[in-house]
Asker: 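Let me begin by handing over the structure; questions about it come next.
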Amino acid sequence: MKILQTAAEAVPLVKTGGLADVVGALPDALARAGVTSRLLLPGFPAVRAALVAPRMVASLPCPWGGVAPTLVAGRLKPMGEAPAYVVVAPDLYERPGGPYSDPTGAAWADNHRRFAPLAWAARALARGTDTAWKPDVVHAHDWHAGLVPAALAHAGQPAASVMTIHNLAYQGLFPAQSFLDLDLPQAAWNVDGVEFWGQVSFMKAGLHHAQAVSTVSPSYALEILDPAMGCGLDGVLRAHRGGVAGILNGVDYGVWHPSIDSHLPHRFDVRDLRGKAACKAALQQAHHLRLDPRAMLMAVVSRLTSQKGLDLLLQVLPQVLQHGAQLVVLGQGDAALEAGFASAAQAYPGQAVLLRAHDEALAHRVFAAADVVLVPSRFEPCGLTQLYAMAYGALPLVHHVGGLADTVTDSTLESLEDDQATGFAFHRFEAGAFEAALRRAHLLWTRPEQWARVQHRAMQQRFDWDLAARHYVALYELALNRLGALATLA
Ligand code: ADP
Ligand code: GLC
């Protein structure tokens, strides 16, 4: 079975969030499960710079005129020997700013043109345009690849498709007239297609046409079937013949393990945590926090968006810091959140700090230094930072929702007694509940022996990519079977 992984980001080349970690790790895990896959990525500057031995495969459509994008095969230097595909289109991808937005943070107005070529490239490959390799299944990740299942369906289904939702809140919605740029037949402009309340929806196109749909945790798979969390697409999801599979993301322990992490000033593991104490001291010193091993160091490593619920943290911060805890926030995004944490840092010098950056190496050092990692997300499809926290001996404190609920066991009297606790969780999304969980964390912190037991347990958790890969293989087989069944009916 040959799989084409289609996505907008993949570590170590392009990353704005967890999607990149997943797309970077999945192909190797699939290979260990005996399934070959190749990546298809947009030709962002870092991707083009990494492309070795490029070979032109096809010229792609350009319905709006201008320079046609091309599909190129090659290898991506930091990713080893595995062949990959890149859509080369300097007009579309080689711009200042991020993968999705301009330097001011506004989404590029032509994002439908920027991501539609992924679908045309996948369609060309599924049709056998590259005589060297033809996928059986195309795996489309998030709305950027959402047009892939639609393009395949309207091309006579030369391959099966699987659509994975990493975040239903981002849907790729565009004005109706952008449909003319998508190189799809008029029949696709349909409520049973890409049309969503008079707009083009890339996400809906994917969900509607894919033979199988999944998301990144079992709890989120259930939550999004409900109107309260379905972002307007719960009806489309409930109608899907195959339902929505919930496959929990894994951790790439080859990258995220404190005993081998070259970003850390000191290494450590569950048997010897002296290196963790040294990492904490180094971070306190580097960022002008009071050098104090007894202060509970809380950390946030996050995009600063409303999804992440950090407004709740700003509400309770004065009460929390009055017990002497420290806070480091590594993140950037919403101006109001940045301003809130910046003024907290001013109000509590030596106790709170905002590191306004996206910095991969620093993120590793923050997890290694932290005692608690806060993830109070309003919703969270899976979440990776709570998993990295556990691996690095920091206890996650999370809102009990989505993947956070599936991966963190709250410290209660019972779970402590039974040696099951791995962190802290609060159920109602409100300041009082969050503050109560923070208070519990602080109380446990004052009992070092109990803390150490929970910390050990957290560090021993394994969120295995090999298990996730086996589930994906089953999903690919399901998609192929469903396609086969449809062909028999036709
Ligand atoms: P999401 O994908 O919604 O942002 P995840 O928890 O799945 O949330 O993944 C976030 C990823 O982005 C993690 O790898 C995390 O370490 C990383 N990350 C978030 N903010 C930053 C930052 N400011 N600097 C470096 N890495 C960050
Ligand atoms: C999205 C989600 C996050 C998930 C990540 C990878 O960005 O917000 O919860 O972990 O995708 O699947």
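Reckoned from all heavy atoms, side chains included, excluding hydrogens, waters and symmetry mates. Counting convention: from 1, in listed order, for ligands and their atoms alike.
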Asker: Looking at Arg378 and Asp311, is any side-chain nitrogen of the basic one under 4.0 Å from a carboxylate oxygen of the acidic one?
Answerer: yes

Asker: Report yes if some N/O of Gln332 lies less than 3.5 Å from some N/O of ligand 1; otherwise report no.
Answerer: no

Asker: Counting only heavy atoms, tell me which of Lys308, Glu9, Gln307 gets closest to atom 1 (P) of ligand 1.
Answerer: Lys308

Asker: Among Gly331, Gly403, Gly18, whose heavy atom sits nearest atom 9 (O) of ligand 1?
Answerer: Gly18

Asker: What class does the angle between the rings of Phe367 and Tyr392 fall in, given that below 30° is parallel, 30 to 60° is tilted and above 60° is perpendicular?
Answerer: tilted

Asker: Ring centres of Tyr93 and Trp108 under 6.0 Å apart?
Answerer: no

Asker: Within a distance under 4.0 Å of any heavy atom of Asn167, pick out the atoms of ligand 2 and give their elements.
Answerer: 8 (O)

Asker: Which of the atoms of ligand 2 are close to Val22, meaning less than 4.0 Å from one of its heavy atoms?
Answerer: 6 (C), 12 (O)

Asker: Using heavy atoms and a threshold below 4.0 Å, how should the contact between Asn249 and ligand 2 be classified: side chain, backbone, both, or neither?
Answerer: side chain

Asker: Run down the list Gly383, Gly18, Ser377 and name the one with the heavy atom closest to atom 4 (C) of ligand 2.
Answerer: Gly383

Asker: Is any side-chain N of the basic residue among Asp334 and Arg303 closer than 4.0 Å to the acidic one's carboxylate O?
Answerer: no

Asker: So which heavy atom in the protein is nearest atom 6 (O) of ligand 1, and how far is it from that ligand atom?
Answerer: Leu384 N, 2.8 Å

Asker: Is any side-chain heavy atom of Lys2 closer than 4.5 Å to one of Val137?
Answerer: no

Asker: Counting each atom of ligand 1 from 1 as listed, which ones have a heavy atom of Ala363 under 4.0 Å away?
Answerer: 25 (C), 26 (N)

Asker: Can you tell me how the ring of Phe115 sits relative to the ring of Tyr100, calling it parallel under 30°, perpendicular over 60° and tilted otherwise?
Answerer: tilted

Asker: Under 4.0 Å from any heavy atom of Leu19, which atoms of ligand 2 are there?
Answerer: 5 (C), 6 (C)

Asker: Have a look at Glu380, His364, His358 and point out the one with the heavy atom closest to atom 26 (N) of ligand 1.
Answerer: His358

Asker: At less than 4.0 angstrom from any non-hydrogen atom of Tyr388, what atoms of ligand 1 do you find?
Answerer: 13 (C), 14 (O)

Asker: Is His166 close enough to touch ligand 1? Criterion: a residue heavy atom under 4.0 Å from a ligand atom.
Answerer: no

Asker: Could you tell me, atom by atom, which parts of ligand 1 come under 4.0 Å of a heavy atom of Gly383?
Answerer: 6 (O), 7 (O)

Asker: Note the single closest protein heavy atom to atom 4 (O) of ligand 1, along with its residue, its atom name and the distance in Å.
Answerer: Arg303 NE, 2.8 Å

Asker: State whether the shortest distance between N or O atoms of Thr16 and N or O atoms of ligand 1 falls below 3.5 angstrom.
Answerer: no

Asker: Going by the atom numbers of ligand 2, which of them fall below 4.0 Å from some non-hydrogen atom of Glu380?
Answerer: 2 (C), 3 (C), 8 (O), 9 (O)

Asker: Which residue and non-hydrogen atom of the protein lie closest to atom 24 (N) of ligand 1, and at what distance in Å?
Answerer: Asp359 N, 3.0 Å

Asker: Considering only heavy atoms, does Cys382 approach ligand 1 within less than 4.0 Å through its side chain, its backbone, both, or neither?
Answerer: neither

Asker: If I take atom CZ from residue Arg267 and atom CZ from residue Arg274, how far apart are they, to the nearest 0.5 angstrom?
Answerer: 15.5 Å

Asker: Under a 4.5 Å cut-off applied to non-hydrogen side-chain atoms, are Met203 and Ile165 in contact?
Answerer: yes

Asker: Going by atom types only, do Thr164 and His139 share a side-chain donor-acceptor pair under 3.5 Å?
Answerer: yes

Asker: Verify side chain to side chain donor-acceptor pair (under 3.5 Å) between Gln5 and Tyr85, making sure each step is shown before the conclusion.
Answerer: CA-CA 10 Å; Gln5 302 289 341; Tyr85 296 98; over 6 Å; no

Asker: Are any of the N/O atoms on Trp256, whether in the backbone or the side chain, positioned under 3.5 angstrom from an N/O atom of ligand 1?
Answerer: no

Asker: Between Arg95 and Asp102, is the closest basic N to carboxylate O distance under 4.0 Å?
Answerer: no

Asker: Does ligand 2 come near enough to Val216 that some N or O of the ligand is less than 3.5 Å from an N or O of the residue?
Answerer: no

Asker: Hey, could you give me the CG/CZ distance between Asp464 and Arg462, rounded to the nearest 0.5 Å?
Answerer: 9.0 Å

Asker: Hey, mind stepping through Phe463 and Trp256 against ring-ring contact (aromatic ring centres under 6.0 Å, His included) and telling me if it holds?
Answerer: CA-CA 11 Å; Phe463 297 93; Trp256 291 98; over 10 Å; no

Asker: Looking only at the side chains, is there a donor atom on one of Ser219 and Asp406 sitting less than 3.5 Å from an acceptor on the other?
Answerer: yes

Asker: Would you say Thr407 and Gln386 are linked by a side-chain donor-acceptor pair, where the criterion is simply a distance under 3.5 Å?
Answerer: yes

Asker: Heavy atom under 4.0 Å from ligand 1: found in Gln386's side chain, backbone, both, or neither?
Answerer: neither

Asker: If we set the cut-off at 4.0 Å for heavy atoms, which region of Asp21 has an atom near ligand 1: side chain, backbone, both, or neither?
Answerer: side chain

Asker: Considering only the protein, which heavy-atom contact is closest to atom 15 (C) of ligand 1, and what is its distance?
Answerer: Thr385 CG2, 3.8 Å

Asker: Where's the contact between Lys15 and ligand 1, heavy-atom distance under 4.0 Å: side chain, backbone, both or neither?
Answerer: side chain

Asker: So is there a nitrogen or oxygen of Ala357 less than 3.5 Å from a nitrogen or oxygen in ligand 1?
Answerer: yes

Asker: Tell me the nearest of Glu9, His166, His141, Gln386 to atom 11 (O) of ligand 2, using heavy-atom distances.
Answerer: His166

